[in-house]
Amino acid sequence: MPKRLSPTAFYTIGRGVALLDQAVKALVIRTLPEGNAGSIPLWPGVFHLTHVHNRGAAFSILEGRLG
């Protein structure tokens, strides 16, 4: 039977991922211009870090219609 994570380890990993996510978002907002001009290739041709804003709901549904 595979070993399971304890609840403490599970929540610690979850908090760490959330903190890392927020730190990267703050760094991108402060340092990269919006759009492809400041895109950073992390894996050229496959994966780029780009500063974009979703101006609608999930997956840009209702884009431009929300306050």
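No experiment lies behind these values; they were computed from the predicted model shown.
In this structure, V24 is a member of the same hydrophobic cluster as L42, with clusters built from ILVMFWY side-chain heavy atoms closer than 4.5 Å. Cluster membership for W43 and L49, using ILVMFWY side-chain heavy atoms within less than 4.5 angstrom, is shared. Note: the hydrophobic cluster containing V17 does not contain L19 (ILVMFWY, side chain heavy atoms under 4.5 Å, direct or indirect links).
Taking the side-chain contact (heavy atoms from CB on, under 4.5 Å) definition, one finds that I29 meets it with H51, sequence neighbours left out. For D21, the side chain to side chain donor-acceptor pair (under 3.5 Å) partners at least two apart in sequence or on another chain are K25.
Of the residues T50, V28, L32, the one that meets the side-chain contact (heavy atoms from CB on, under 4.5 Å) test with I40 is L32.
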